[in-house]
Participant: 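Dropping the structure in here first, questions after.
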Amino acid sequence: MIAWWLLACGAPREELVVLAASSLTEAFGDLEARFEEEHPDVDVVVAFAGTQTLATQVRQGLAADVIASADPAHAEALAAEGLTDAPRPFAANALVLATTGDVDLARLPEVERLVVGADEVPVGRYTAAMLDAAGERYGADWRAAVETRVVSREPSVRHALAKLVLGEADAAVVYATDLAAVDGVRGVALPAELAPPTTLVHARLTSAPHAELADAWMAMVEGPEGRALLASRGFALP
Amino acid sequence: MSDRLALLPAALLLALLALPVVGLLGTTSPAEALAALWLPSTGEALWLSLRTTTLAIGLAALLGTPLAWRLSRSRSPWSRALLLVVELPVVLPPAVLGLALLAAYGRQGLLGPLLAAAGWSLPFGTGAVVVAQLVVGAPLYVLTATAAFRAVDEDLLLVARTLGAGPARAFLTVAVPVAAPGLITALGLAWSRALGEFGATLMFAGNLPGRTRTLPLAIYGAMESDLGQARAIAVLLVAVTAALLVGLRALGWRSST
């Protein structure tokens, strides 16, 4: 600890600020450590939040270098406003039905408590689209019954997962990669025709204080090292 | 400290407290805040907030007034220890308090099996919202009411007792009226804290429109989609809380004159 203090005070380090969607928490933790190994004079600060919160921070002029978003539409909007360069895809994720019990999608109405993401966050919108598509397959009664099982619409995918891990909910719809970090929760894969893969994109802010470092970071994320680390955390690659 | 010496720090603190609220009000016109009120989702959240905080603060006053009275009449180590118990929820970060509430009343909590056996379940229900608001609001009520009761002169009570009033009657006809302005302040503080409760509610009660989505949760939700709407609902919350505080203050002023 003290050594860390001395180090931190001794060398003037540059601070690369990366804003990232909460689903990237573990993967970007790995990437941060790797990047700092290769750039000892750089301190990478990754701020995790819901994608829309990140977009708001960018619009409010938060000094940051890179934004990594779970929703391409949000990133495209920022680029259209001239706040970031064109976003590039770097990973893909999939929705899964996470459960502590023994259910599958067809028997989802049997769970007592289902937790999903709020309509305002990407995971919530993807979930609603998936349930609507599944409703076409299993019928309107199934769709209506699922709706009565929803006890909470959580503001981030990690909040939804927490309710499941705490034992307060029986099932939740989250990203496949979220399950890598928890025990005791089973992920039930969803058919791709109901839940198409979701794309993660990143972009450099036009106001990035460290444009070169931002490029180096994005190159690493897209490069072999980044791909390997992302894959080890369960992400699919574009 | 001379008056002039006190001026600078006082003005600095006032500016620090007022600026964010002024800034927030500046972002939204009253018309926009009113328009937000007519959105079904906001009206629903406001109505839920008003219902749950009224119940929570009613309970806080009902259960907290006797406790505050006992605490105010005693300076024993025991009552100091009790004060600490009352203060505990205030020092916990709200989200941690939500986790603690789950550890107490959740499925796997201390009382979970007992509640389940009785066919009750608190988490994800409107009851959980009330409990979260009660736990954050009641300490403010009890601490402020205790201070108000401390100012009640023991001699006044003795006079009432010698005139034949029982302890309950002496309390209701002497102690409560004398402490009324302080009690009303206590109510206002606890109520506004309960109205603003967010972290513990989200953790313990979840977020479902009409059932557990209170005004602060609606603001947080809107922040993810429409910042303008979030600001408008926030201005609405400030207005409701201000109206509550001013109304109670007026009541306290009347009861003290």
Side-chain angles (χ1 to χ4, degrees), chain A residues 21-22 49-62 69-71 73-74 77-78 81 100-101 111-125 127-128 147-172 184, chain B residues 23-24 27 41 44-45 95-96 98-110 112-113 115-116 119 121-129 198-214 216-231 233-234:
Chain A
S22 7
T51 291
Q52 179 62 35
T53 303
L54 298 176
T56 301
Q57 289 171 337
V58 170
R59 291 201 175 92
Q60 296 293 315
L62 185 84
S69 161
D71 184 351
H74 275 133
L78 287 176
E81 290 166 43
T100 50
V111 301
E112 193 185 333
R113 296 178 185 169
L114 172 66
V115 174
V116 297
D119 297 336
E120 295 93 354
V121 288
V123 69
R125 280 194 299 276
T127 301
E147 212 54 39
T148 64
R149 298 303 178 193
V150 174
V151 291
S152 184
R153 299 179 183 279
E154 299 285 328
S156 90
V157 63
R158 294 302 164 102
H159 275 99
L161 189 61
K163 292 286 196 293
L164 192 63
V165 173
L166 285 166
E168 296 301 332
D170 307 299
Chain B
L24 177 68
T27 59
S41 56
E44 194 176 45
V96 176
L99 275 179
L101 284 168
L102 284 175
Y105 307 108
R107 268 182 183 169
Q108 297 169 356
L110 292 173
L115 289 172
S121 164
L122 261 184
F124 300 119
T126 307
V129 177
F198 168 73
T201 308
L202 181 58
M203 206 65 217
F204 184 44
N207 178 36
L208 200 69
R211 199 195 293 177
T212 57
R213 189 182 178 111
T214 57
L217 267 65
I219 294 172
Y220 192 71
M223 266 188 210
E224 293 282 341
S225 59
D226 181 350
L227 210 54
Q229 194 186 328
R231 290 195 190 109
I233 313 174

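Residue numbers begin at 1 in each chain, while the letters A, B, ... track the order of the sequences. None of these values were measured; they are calculated from a predicted model.
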Participant: Could you tell me which non-hydrogen atom of B/G106 sits nearest to which non-hydrogen atom of A/E168, and how far apart they are?
Facilitator: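 In terms of heavy atoms, the two residues are closest at CA-OE2, 2.9 Å.
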Participant: Between A/K163 (side chain only) and B/M203 (backbone N and O only), is there a donor and an acceptor less than 3.5 Å apart?
Facilitator: yes
Participant: Could you have a look at B/L217, B/L102, B/L202, B/T212 and say which one has the most heavy-atom pairs with chain A under 4.5 angstrom?
Facilitator: B/L202
Participant: Which atom names give the shortest non-hydrogen contact between B/L208 and A/V151, and what distance separates them?
Facilitator: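 That would be CB-O, 3.7 Å.
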Participant: For the atom pair CZ (B/F204) and CG (A/L166), what is the distance rounded to the nearest 0.5 Å?
Facilitator: 12.0 Å
Participant: Counting only non-hydrogen atoms closer than 4.5 Å, does A/V115 touch chain B with its backbone (N, CA, C, O), its side chain (CB onward), both, or neither?
Facilitator: side chain
Participant: Hey, what do you get for CD (A/E120) to CD (B/Q229), rounding to the nearest 0.5 Å?
Facilitator: 8.5 Å
Participant: Contact part of A/T56 toward chain B, heavy-atom cut-off under 4.5 Å: side chain, backbone, both or neither?
Facilitator: side chain
Participant: For a quick test of reading the model, state the closest non-hydrogen atom pair linking A/S152 to B/G206 and the distance between them.
Facilitator: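 Heavy-atom minimum between the residues: OG-CA, 3.2 Å.
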